[in-house]
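Written out below as structure tokens is the structure these notes cover.
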Amino acid sequence: MSKFAMLANNPSILITGEIDEALIQQLTSKGFNVDVIPFIKTESIQSAIIQQEIEHIATIDAIIIFTSSHAVEAISHLLSNKKINWKVYCVGEKTKYVIEHLLPAVSVADYADNAIHLSQKIISTNSINEVYFFCGDKRMDTLPRLLASNNITVHEVQVYTTTIFEYALNRYYDVVLFFSPSAVRGFFTSNTIDEKTALFAIGNTTANEIKRYTSTNIIISEKPGKKELIEKLVEFFE
């Protein structure tokens with residue numbers, strides 16, 4: 001039995017982002033009490049200028065970067081009937097999955113579990129000197145900074161916005177799950193963590209953001225997917 005199994009007979013779980021109902025049911029069927037309170041909301045940017053820029057990029061042979069599935073979803077409807085010759089690099093298996101399903105005409109050249117590792121892969125090709133980075137308005141600086149420092153030109157195209165919500169919670173949770181650095185910032189703006197609360201992060205970037213607010217131990221999913229993080233949570237209580 002893990003040390004977390006002693007937290008409660010029916011552990012209370014706070015999930016700080018949107019999640020599929022099937023994953024919630026996976027937890028409730030095992031006796032977890034689950035609250036889903038999203039601390040962020042993402043929305044595609046509806047702009048004629050951005051649409052024209054995306055459509056132009058679709059006409060050229062380009063190296064494309066996605067660090068979030070939200071960016072893929074934000075542009076896919078503009079590219080559904082176009083022949084695209086892109087070589088794509090992305091962060092996370094979830095993003096890769098969304099690319100393959102929403103943009104089946106493009107080739108995923110490589111992917112990594114975080115922005116640092118993806119940057120290293122792109123740099124190590126020694127053949128890429130220009131990329132197009134589809135991202136949100138609150139994207140982390142890690143990838144563009146590393147690429148630029150290695151003389152790779154980054155054309156950044158913001159295609160979605162992230163709104164951070166600041167809810168003050170009035171109860172204790174045995175476990176809190178975080179899916180993004182933005183949700184971490186929203187949560188800790190108005191809340192603190194009890195030392196007995198177990199924290200779960202979807203990846204290292206999110207975990208590093210949590211460390212800015214607390215020294216509590218963080219459990220990190222081996223792969224950055226919501227399904228994988230839920231499985232990690234269940235494993236710790238078995």
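By convention here, the first residue in the shown sequence is residue 1.
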Check: Glu18 main-chain N/O paired with Lys226 side-chain donor or acceptor under 3.5 Å: yes
Under the side-chain hydrogen bond (donor to acceptor under 3.5 Å, both in side chains) test, residues paired with Asp61 that sit two or more places apart: Asn85
Lys87 side chain to Ile63 backbone, donor-acceptor under 3.5 Å: no
With Thr214 via side-chain hydrogen bond (donor to acceptor under 3.5 Å, both in side chains) - residues at least two apart: Thr216
Test side-chain hydrogen bond (donor to acceptor under 3.5 Å, both in side chains) applied to Ser182 - qualifying residues, sequence neighbours left out: Arg185
Under-4.0 Å salt bridge between Lys227 and Glu231: yes
Qualifying residues under side chain to side chain contact (heavy atoms under 4.5 Å, CB included), relative to Asn33, sequence neighbours excluded: Asn10
Contacts of type ring-ring contact (aromatic ring centres under 6.0 Å, His included), residue Tyr97, not counting sequence neighbours: His101
Main-chain N/O of Lys196 paired with Asp194 side-chain donor or acceptor, under 3.5 Å: yes
Mutual orientation of the aromatic rings belonging to Phe66 and Phe134 [parallel < 30°, tilted 30-60°, perpendicular > 60°]: parallel
Residues 70-79 side chain polar contacts: donor-acceptor under 3.5 Å, at least two apart:
unit_1 : atom_1 : unit_2 : atom_2 : d
His70  : ND1    : Thr42  : OG1    : 3.4
Ser76  : OG     : Glu73  : O      : 3.4
His77  : ND1    : Ala74  : O      : 3.4

Asp137 and Tyr160 side chains, donor-acceptor separation under 3.5 Å: no
Plane angle bin for Phe188 and Tyr213 - parallel if under 30°, tilted between 30 and 60°, otherwise perpendicular: parallel
His117 backbone acceptor or donor facing Asn114 side chain under 3.5 Å: yes
